[in-house]
Amino acid sequence: VLLMVYLGYVGLGAGVLQALERPAEVQAAQHLLQQHWELLANHTCLQGPALQRLIEGIIQAYKSGITLQGNTTSLGRWDFSGSFFFSISAITTIGYGNLSPSTVAGRIFCILFALFGIPLNLVLLNEIGQLMLLGVQRCAHHLGEVFHWQKKASLLIKTCALVTGLLLFLLLPPLLFSDKEGWSYEEGFYYSFITLSTIGFGDYVIGMNPDRTYPGWYKNVISLWILFGMAWLALIIKFCINFLE
């Protein structure tokens with residue numbers, strides 16, 4: 001029965017997403033094809049195969065973190081802060097997919113790094129989550145002793161912890177992303193949840209716009225936000241699991 005419910009839920013998601021996203025996909029494909037033919041028609045010196053090779057080269061370079069800026073290229077995704085952020089996204093299993101090692105040595109190291117890093121990350125997240133939960137329980141206990149209403153104190157503290165977590169990890173970060181990335185609030189909120197839930201589609205990633213200048217502390221602060229936010233969201237998901245079970 002549980003398997004049937006699971007498959008039905010996934011099927012429902014697939015049907016809704018197909019209805020919502022398929023028309024936009026078809027429209028985008030038609031627009032791209034139209035631009036392709038207009039470019040060839042307006043610039044007759046261009047050859048179709050040569051243009052295709054250029055497009056493929058640009059796509060491959062973009063995947064490697066290189067973008068064209070006039071007559072120059074932008075680098076920086078593999079500097080220390082970028083590499084640090086990639087390491088966080090690897091061991092937290094977010095895996096945005098917008099950046100990956102291109103050398104054989106880098107890929108082998110990434111496997112070994114993730115092999116030991118993922119368990120280390122899970123242990124750390126569990127410890128952080130337990131400390132958060134212990135702090136909530138202690139606050140509820142002390143408040144119950146002071147005002148002599150244990151159940152109300154527990155409910156009040158848990159509500160405050162939930163609201164505080166929502167503000168710190170889901171509701172306020174989109175404001176920072178709007179300022180630094182130029183995203184709308186909805187896009188920032190979407191990125192926050194997709195990141196902290198480790199879904200990590202990679203359609204939105206911080207610090208990747210070559211037209212923007214980012215402060216040195218930005219990616220480091222976001223890395224800490226990811227770490228503590230994942231621990232908080234893991235507790236929420238754990239409560240949801242207990243409720244479903």
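Position 1 is the first residue of the sequence, and the numbers go up from there.
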Donor-acceptor contact below 3.5 Å, side chain N121 vs main chain G117 = no

ask   = Do side-chain atoms of Y214 reach the backbone of N209 as a donor and acceptor pair under 3.5 angstrom?
value = yes

message = Could you report the tightest heavy-atom contact between W183 and V205, atom names first, then the distance?
response = CZ2-O, 3.7 Å

task = Please assess W232 against M132 for the test side chain to side chain contact (heavy atoms under 4.5 Å, CB included), listing each intermediate value before the final yes or no.
result = CA-CA 8 Å; W232 172 80; M132 288 180 176; 4.1 Å; yes

Which donor-acceptor pairs under 3.5 Å do side chains of residues 157-173 form with protein atoms, sequence neighbours excluded?
{"from": "T159", "atom 1": "OG1", "to": "L155", "atom 2": "O", "distance (Å)": "2.7"}
{"from": "T164", "atom 1": "OG1", "to": "C160", "atom 2": "O", "distance (Å)": "2.7"}

query = Does the side chain of I206 reach to within under 4.5 Å of the side chain of F85, using non-hydrogen atoms?
reply = yes

inquiry  = Please find the pair of heavy atoms, one from P215 and one from K180, that lie closest to each other, and give the distance.
reply    = CG-NZ, 4.1 Å

task = Rounded to the nearest 0.5 Å, what's the gap from CZ on F86 to CD1 on I91? Could you check?
result = 11.0 Å

request  = Give, for atom OG of S81 and atom OH of Y218, the distance between the pair rounded to the nearest 0.5 Å.
outcome  = 12.0 Å

task = Output, in order, the C-alpha distance, side-chain angles, deciding distance and verdict of side chain to side chain contact (heavy atoms under 4.5 Å, CB included) for Y190 and F201.
result = CA-CA 11 Å; Y190 168 79; F201 288 125; 3.3 Å; yes

message = Using 0.5 Å steps for rounding, measure from the OG atom of S89 to the CZ atom of F84.
response = 11.0 Å

request  = Let me see the working for L124 and L227 under side chain to side chain contact (heavy atoms under 4.5 Å, CB included), right down to the final yes or no.
outcome  = CA-CA 9 Å; L124 179 61; L227 192 61; 3.8 Å; yes

inquiry  = Test side chain to side chain donor-acceptor pair (under 3.5 Å) on T195 and Y96; report intermediate values, then the result.
reply    = CA-CA 8 Å; T195 294; Y96 289 111; 2.9 Å; yes

query = Looking only at heavy atoms, what is the nearest atom pair of I118 and T93, with distance?
reply = CD1-CG2, 3.8 Å

message = Could you report the tightest heavy-atom contact between L125 and M230, atom names first, then the distance?
response = CD1-CE, 3.5 Å

